[in-house]
Amino acid sequence: MTTDMINGAIGADPLAGKSLRHFFERDAIEVARDLLGCHLMVNGAGGRISETEAYYPDDEASHSFRGPTKRNGAMYGRPGNVYIYRIYGMYWCLNFVCTPGSAVLIRALEPETGLPVMMERRGTDVLTQLCSGPGKLCQALGIDIAINDRTLDQPPYAISPSAPVPVVSGKRIGITKNAEAPWRFGIQGSRYVSKPFR
DNA sequence: CTGCAGATAGTCT
DNA sequence: GACTATCTGCAGG
């Protein structure tokens with residue numbers, strides 16, 4: 001929706017447990033912005049994160065709004081934990097935990113590594129359609145509930161830093177409660193997003 | 001580009 | 001029993 005500034009870097013050694021925690025134990029909006037440009041790998045496939053959304057415990061759109069349940073347990077794990085859930089009966093969504101009950105939904109990335117396997121899983125060779133949405137991204141990376149509630153600095157996951165990128169923001173997608181909050185973030189000008197920012 | 005219908009099943013009320 | 005942090009295919013501009 002708006003202009004915005006430049007995000008920060010993840011740090012020199014994001015894979016060390018201490019700095020991973022440092023990076024994620026912050027406000028979900030800050031983390032959502034700073035994740036843009038970072039490289040995510042899952043079992044040898046991945047790329048550059050291009051779109052994220054922030055969710056909070058007191059946010060009606062968040063799975064944590066009514067407190068811990070069987071499904072959302074991973075949202076209360078350590079900062080840097082992974083929370084995966086099924087949506088609409090057929091897709092998976094990937095989140096990174098920040099402070100307890102708050103998380104960042106990983107909505108899109110620019111494919112870089114493991115293109116053949118991602119194309120195979122997605123049934124297309126169009127790069128901009130491989131990971132341009134939370135469900136597509138999980139399908140391309142082979143993500144399902146079997147790798148829920150894990151830390152990002154251990155296999156099958158790996159995350160690495162980026163140089164700062166220009167950030168745009170807008171309203172979150174697909175929600176009805178608290179829908180006006182501008183907590184969706186993307187790399188300005190990226191073609192690898194689920195919907196244009198405007 | 002935008003909008004809509006339908007698929008599909010786990011979670012929560 | 002209702003709802004859902006989605007995707008695809010198709011219609012129309």
Side-chain angles (χ1 to χ4, degrees), chain A residues 1 24 27-33 35-36 40 42 45 47 49-77 81-111 118-149 152 167-198:
Chain A
M1 212 96 189
F24 283 100
D27 186 280
I29 284 179
E30 306 277 317
V31 176
R33 301 177 65 98
L35 279 171
L36 295 173
L40 171 68
V42 181
I49 296 172
S50 53
E51 182 182 341
T52 58
E53 283 179 359
Y55 289 86
Y56 291 92
D58 61 350
D59 167 13
E60 280 190 281
S62 174
H63 289 176
S64 58
F65 183 64
R66 289 177 174 79
T69 66
K70 183 171 185 182
R71 173 174 64 161
N72 69 15
M75 278 186 94
Y76 297 88
N81 203 37
V82 167
Y83 167 47
I84 293 166
Y85 66 89
R86 211 194 233 308
I87 186 69
Y88 298 117
M90 42 181 123
Y91 301 106
W92 300 101
C93 287
L94 172 68
N95 299 258
F96 298 160
V97 176
C98 302
T99 54
S102 69
V104 174
L105 171 66
I106 308 304
R107 289 192 56 90
L109 62 77
E110 177 179 341
M118 288 196 277
M119 291 173 178
E120 168 73 29
R121 288 166 175 155
R122 288 280 300 126
T124 177
D125 59 1
V126 181
L127 285 183
T128 54
Q129 295 177 11
L130 287 183
C131 302
S132 54
K136 297 177 188 176
L137 184 152
C138 285
Q139 186 179 22
L141 299 189
I143 290 169
D144 65 25
I145 198 66
I147 50 173
N148 181 40
D149 206 8
L152 261 180
V167 176
V168 289
S169 60
K171 297 175 184 175
R172 294 178 295 181
I173 292 179
I175 58 174
T176 55
K177 302 161 198 153
N178 203 6
E180 295 303 305
W183 296 341
R184 173 184 177 230
F185 303 94
I187 296 179
Q188 185 174 58
S190 175
R191 308 193 315 289
Y192 301 92
V193 295
S194 62
K195 282 184 185 174
F197 287 78
R198 61 174 65 192

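All values derive from a computational prediction rather than experimental measurement. In what follows, chains carry the letters A, B, and so on, assigned in the order in which the sequence lines appear, proteins first and then strands, with residues in each chain numbered from 1.
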Give a yes or no answer on whether the side chain of [X] reaches the backbone of [Y] with a donor-acceptor pair at less than 3.5 Å.
{"X": "Asn178(A)", "Y": "Asp59(A)", "value": "no"}
{"X": "Asn95(A)", "Y": "Ala103(A)", "value": "no"}
{"X": "Tyr56(A)", "Y": "Ile29(A)", "value": "yes"}
{"X": "Asn148(A)", "Y": "Ile84(A)", "value": "yes"}

Minimum heavy-atom separation for [X] to [Y], with atom names?
{"X": "Leu109(A)", "Y": "Leu141(A)", "value": "CD2-CD1, 4.1 Å"}
{"X": "Ser132(A)", "Y": "Ala108(A)", "value": "CA-CB, 4.0 Å"}
{"X": "Arg184(A)", "Y": "Pro196(A)", "value": "NH1-O, 3.7 Å"}
{"X": "Ser50(A)", "Y": "Tyr192(A)", "value": "OG-O, 2.6 Å"}

So which nucleotide does dA5(C) pair with, by the Watson-Crick or G-U wobble rule with both distances under 3.5 Å? none
In whole Å, what is the span from the CD atom of Glu60(A) to the P atom of dC3(C)? 15 Å
Please tabulate, one pair per line, each protein N/O and nucleotide N/O from nucleotides 1-6 of chain B that are separated by under 3.5 Å, including the distance.
residue : atom : partner   : partner atom : Å
dT2(B)  : OP1  : Arg198(A) : NH2          : 2.7

Going 5' to 3' along nucleotides 4-13 of chain C, which nucleotides have protein heavy atoms under 4.0 Å from the base (write B), which only from the sugar-phosphate (write S), and which from neither (write -)? BBBSS-----
